Amino acid sequence: MKLYSTKKIAPDVDLKEAVLKGLPADNGLYMPYEIKPIDAAFWENLPTYSFTEMAFHVAKHLIGAAISDADLNMIIQRAYNFDAPLVKVGDYKIVELFDGPTLAFKDFGARFMGRLMGHFLKGNDKEVNILVATSGDTGSAVAHGFLNVEGIKVTILYPKGKVSDIQEKQFTTLGANITAVEIDGTFDDCQALVKQAFLDKTLNEKLTLSSANSINIARLIPQSFYYFYAYKQVENKSLPLYFSVPSGNFGNLTAGLFAKKMGLPITKMIAANNSNAIFTHYHKSGIFEPQRSVQTISNAMDVGNPSNFARMMDLYNNEIEKVRAEIAAYAFNDEQTATCIKNVAEKYAYVLCPHTAVGYLGMEAFVADNNINPAESNNIILSTAHPVKFGDVVEPLIGKKVEIPERLQNIINGKKLSIPMAPDFTTFKEWLLNK
Ligand SMILES: *Cc1c(COP(=O)(O)O)cnc(C)c1O
């Protein structure tokens, strides 16, 4: 598998280098040269595949000979010991991506990446330092995905007071090779510190740095799996296929575009934003204007400068008309999101997390705008997190408690360990060098 940088200055790399480096030196993002349609045999066999069998074939198709079949199979078997069921809610279908250990879809990417990096680092005597900026769910997924992976240390930067208690507990209580740094600032500050670290000469001479955000190609590849798996579960596969994707950094949606290039018959993708509507504004106006992020109740989508935008532009050659042909875009504020959670709970006795509610609203708006008959189409909403992670938002709206799954209880009882820090690069750099 050969990859290039979207800035087209840094040299091409193989999968191992792209995964271990994370970011090319020219500050672009790695993209695979070829995303070809999958062979006919895959589609014939898809109805009989388990999640892991299907994931193996998709990964093999994308990755090629970069890893042996046996190793790839092992990575996938170990990463995915949970399901991604498609459930019917009213007129729509929801693919539940929160059955992993941290109860959010990021487990799909992080668990694959952790094991893939571990594989590539076997026999390597240099320790790798992974830096992650998180607005909530990335941190927990990466922490769990890399916990106790040999040869890797993980530093997680998160904005103080802007992640939920459960999210915070999920990446501050693990210890071992995981360290959390609590930044007195926003998610964008955290992301800027990480980006600066990757571009810093001294740090790169002294340490082997790598990223685990959705900018790492190792997270995008596995996020395409569940698009196929959702399609596998629909009854009538000949109907138009729509996916609504609650979006922040647009890794999830970009992975869906990869799936489409591999031949998944997606009629249209729907990008659903919260009030951080950078992409929706771009879709309307043709102008991409990053902003400071604003805080919302769907905080994992509070992103003012979506990092995968460069990949989307690369896929569409910077042509807005091509973007509009394949992607619709809508944005919703907190009030609309809250009302949606309340209404769906009342009508269908189904509890949405705030992010999934934004996706639900996106699907509703798209269906209304285009006079779509949901009985004659497959309208799938990606459910990106379990509502219990956002209990303080959801519970007052639905008027009852969301039950805590057992796999969360241990984490909640753990002790928070984190290092407080100002959003200042010099401080962060010194700390990294002396750690
Ligand atoms: C990260 C996250 C999103 C946004 O996904 P992107 O790939 O950044 O667009 C949505 N919902 C939840 C719960 C998340 O954790």
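Note that the numbering runs from 1 along the sequence shown for the chain. Ligands are counted one by one from 1 in listed order, and the atoms in each one are counted from 1 as well. A quick note: this is a predicted structure, and the numbers were derived from the prediction, not measured.
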- Got an N/O contact under 3.5 Å between Phe250 and ligand 1? yes
- By number and element, which atoms of ligand 1 are closer than 4.0 Å to a non-hydrogen atom of Pro246? 4 (C), 10 (C)
- Item | Distance-only N or O hit between ligand 1 and Asn249, under 3.5 Å | yes
- May I ask you to say whether Glu319 pairs ionically with Arg324, meaning some side-chain N is under 4.0 Å from a carboxylate O? no
- Does an N or O anywhere in Thr384 fall below 3.5 Å from an N or O of ligand 1? yes
- Item | Ser285 side chain to Ile287 backbone, donor-acceptor under 3.5 Å | yes
- Note on the structure: Between Thr356 and Thr384, the two heavy atoms sitting closest are OG1-N, 3.2 Å
- Does an N or O from Gly248, backbone or side chain, lie closer than 3.5 Å to an N or O of ligand 1? yes
- Filtering Met301, Lys106, His355 for the heavy atom nearest atom 2 (C) of ligand 1 leaves Lys106
- Message: Can you list everything that forms a side-chain hydrogen bond (donor to acceptor under 3.5 Å, both in side chains) with His283? Sequence neighbours excluded, please.
- Response: none
- Provide the number and element of each atom of ligand 1 under 4.0 Å from a heavy atom of Ala385. 13 (C)
- Item | Under 4.0 Å to a heavy atom of Gly251 - the qualifying atoms of ligand 1, by number | 6 (P), 7 (O), 9 (O)
- Aromatic plane relationship, Phe225 with Phe51 - under 30° parallel, 30 to 60° tilted, over 60° perpendicular: perpendicular
- Sub-4.0 Å heavy-atom approach of Ala104 to ligand 1: no
- Note on the structure: Counting from 1 in the order shown, the ligand 1 atoms closer than 4.0 Å to a non-hydrogen atom of Asn252 are 7 (O)
- Message: Has Ser244 got a side-chain atom pairing as donor or acceptor with Gly359's backbone, closer than 3.5 angstrom?
- Response: yes
- Between Phe243 and Tyr227, how do the two ring planes meet: parallel, tilted or perpendicular, split at 30° and 60°? perpendicular
